[in-house]
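Residues take their numbers from the sequence shown, with the count starting at 1.
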Amino acid sequence: MALLPLICLLALGYTLRRSKFLSAEFWAGAERLNYFILFPALLFNNLAFVELSLKSLTWVLLTMLLTIALVSAGFWVLKHIFAIRAEQFAVYVQSHIRFNTYIGLALVGSLFGSDGVKMFAMMIATAIPTVNIISLLAFSQQNSHWTTNGLAVLKNPLILGCLAGVLFNLTGFKLLSGIEDLIRLLANVSLPLGLLAVGAALQFQALKQDIWRLGLNSVGRLIVVPLIAYAVAQLLALSQFESLVITLFFALPTASSSYILTRYLNGDYKLMAGVISLQTLLFVLSFPGLMYILEL
């Protein structure tokens with residue numbers, strides 16, 4: 001039942017976009033508003049006003065980083081074995097290590113409450129710069145200006161929102177109650193608008209490109225990668241709760257913003273559109289199945 005509100009918002013966004021009830025300009029503006037203002041406010045809010053227990057999360061963050069490293073390294077090996085083209089290689093890497101933060105935060109909040117959101121927020125703060133840098137490295141062999149684009153990652157509003165939230169928390173400063181309320185209001189708008197935008201961005205016509213390759217990609221992302229994460233969590237003796245949050249994190253479909261980066265850096269954006277759409281669609285089935293298999 002925790003997935004029902006997410007499914008409804010995704011479906012509503014898709015329906016509103018395809019029915020042209022709201023214009024393409026609206027969705028472009030909504031995505032821009034969320035990316036530059038609302039979602040950074042959400043990340044800041046989740047990190048600035050909670051008790052940060054970095055020491056207790058050390059093994060959680062290490063598990064996450066080890067999983068990202070293992071999956072990324074595996075794709076570099078596969079690239080050389082199968083001579084994968086650079087513009088497609090970057091798509092495969094992104095689709096397995098990037099994550100849909102809107103779906104993740106909405107789901108973890110519904111399932112685990114404030115404790116889960118706090119842990120997930122710290123994971124996001126660590127993962128966003130990590131996966132963006134790895135994604136740029138995956139593009140680097142076809143784009144000689146990847147270092148310039150790397151500077152853009154450092155100016156990424158999501159990274160800045162995470163950094164500002166952590167730093168503000170560590171200072172111990174307090175905001176005026178009115179400012180704090182404003183940030184919370186902006187944060188509350190972000191998730192529903194983000195999920196609507198994710199639904200609006202789905203491009204199911206892109207699935208006609210190569211359904212077998214897209215299907216294999218989705219199985220890798222939605223089943224294999226979370227199982228790897230769960231195995232690493234067990235190896236490092238994480239608690240059941242921590243293992244569940246880690247598994248949820250890696251079971252998420254890839255970020256819809258992967259399409260923007262792929263198109264900007266001349267990757268196979270049609271393949272990326274198909275990957276995003278199919279992963280988002282299959283997540284509705286794969287996540288409950290994965291939780292059942294692992295008995296979590």
Side-chain angles (χ1 to χ4, degrees), residues 2-3 53-82 84 89-101 103-105 107-108 110-112 115-135 137-138 213-255 258 275 278-280 282-296:
L3 283 174
S53 50
L54 297 177
K55 186 176 180 180
S56 65
L57 291 178
T58 298
W59 290 104
V60 172
L61 297 179
L62 179 60
T63 300
M64 181 191 71
L65 293 174
L66 279 175
T67 303
I68 292 173
L70 285 171
V71 173
S72 301
F75 272 100
W76 253 274
V77 172
L78 291 174
K79 180 182 187 299
H80 291 288
I81 294 175
F82 295 103
I84 301 173
F89 173 68
V91 170
Y92 298 144
V93 172
Q94 283 192 95
S95 64
H96 282 78
I97 65 170
R98 299 189 72 173
F99 50 94
N100 193 304
T101 45
I103 294 177
L105 274 170
L107 188 57
V108 80
S110 175
L111 290 174
F112 309 119
D115 288 341
V117 169
K118 181 173 72 170
M119 181 183 298
F120 198 83
M122 286 304 304
M123 292 171 66
I124 290 174
T126 306
I128 286 176
T130 303
V131 300
N132 273 279
I133 291 170
I134 293 173
S135 297
L137 289 172
R213 183 168 51 173
L214 292 174
L216 185 61
N217 179 285
S218 295
V219 170
R221 168 65 206 206
L222 300 175
I223 302 297
V224 177
V225 172
L227 288 177
I228 292 173
Y230 181 76
V232 175
Q234 296 306 296
L235 184 64
L236 297 182
L238 266 60
S239 69
Q240 185 79 345
F241 171 71
E242 292 168 337
S243 297
L244 181 53
V245 176
I246 281 283
T247 305
L248 183 153
F249 178 85
F250 283 100
L252 294 171
T254 192
S258 301
V275 165
L278 187 59
Q279 284 190 11
T280 305
L282 293 181
F283 172 74
V284 176
L285 300 174
S286 66
F287 181 71
L290 191 66
M291 295 298 100
Y292 178 79
I293 290 172
L294 296 178
E295 298 183 351
L296 292 174

Take Y230 and I293 through the test side chain to side chain contact (heavy atoms under 4.5 Å, CB included) and record every step on the way to the result. CA-CA 12 Å; Y230 181 76; I293 290 172; over 6 Å; no

Closest approach of F99 to A127 (non-hydrogen atoms, all atoms of both residues): CE2-CB, 3.6 Å

Within the distance-only criterion (no hydrogens, no angle test), does the side chain of N217 pair as donor or acceptor with the backbone N or O of R213 below 3.5 angstrom? no

Parallel, tilted or perpendicular: which one describes the rings of F75 and Y92, with boundaries at 30° and 60°? parallel

OG/S95 to CG/L278 distance, rounded to the nearest 0.5 angstrom? 11.0 Å

So does A255 get a backbone contact from the side chain of S258, meaning a donor-acceptor N/O pair under 3.5 Å? yes

Give the minimum heavy-atom separation between T254 and Q94, together with the two atoms involved. OG1-O, 3.1 Å

With the side chain counted from C-beta on, respond yes when L111 and L244 share a heavy-atom pair under 4.5 Å apart, and no when they do not. no

Which pair of heavy atoms, one from F287 and one from A251, lies closest together, and at what distance? CD1-CB, 4.1 Å

Test F249 against T67 for side chain to side chain contact (heavy atoms under 4.5 Å, CB included), laying out the working first. CA-CA 11 Å; F249 178 85; T67 303; over 6 Å; no

Keeping R98 on the side-chain end and V93 on the backbone end, is there a donor-acceptor pair under 3.5 Å? no

Here the pair of heavy atoms bringing P129 nearest to I124 is CD-O, 4.4 Å

So CD1 of I223 and CD1 of I228: to nearest 0.5 Å the spacing works out to 12.0 Å

M123 versus L61, closest heavy-atom pair with distance: CA-CD2, 3.9 Å

Side chain to side chain contact (heavy atoms under 4.5 Å, CB included) between V60 and V245, worked out: CA-CA 9 Å; V60 172; V245 176; over 6 Å; no

Closest non-hydrogen atom pair, Q279 against S218: CG-OG, 3.6 Å

How many angstroms lie between atom CG of N100 and atom CG of L105, to the nearest 0.5 angstrom? 9.5 Å

Mind checking the CG-CH2 spacing from L66 to W59? Nearest 0.5 Å is all I need. 9.0 Å

So do M119 and F241 actually touch side chain to side chain, heavy atoms under 4.5 Å? yes

Would a 4.5 Å heavy-atom cut-off, applied to side chains only, mark S243 and Q234 as touching? yes

Calculate, to the nearest 0.5 Å, the distance between atoms OG1 and CZ belonging to T63 and F250 respectively. 8.5 Å

Please determine whether side chain to side chain contact (heavy atoms under 4.5 Å, CB included) holds for the pair L227 and L290, giving the CA-CA distance in whole Å, both sets of side-chain angles, and the decisive distance to 0.1 Å. CA-CA 9 Å; L227 288 177; L290 191 66; 3.9 Å; yes

Atom pair CD1/CD1 of I68 and I134 - distance to nearest 0.5 Å: 6.0 Å

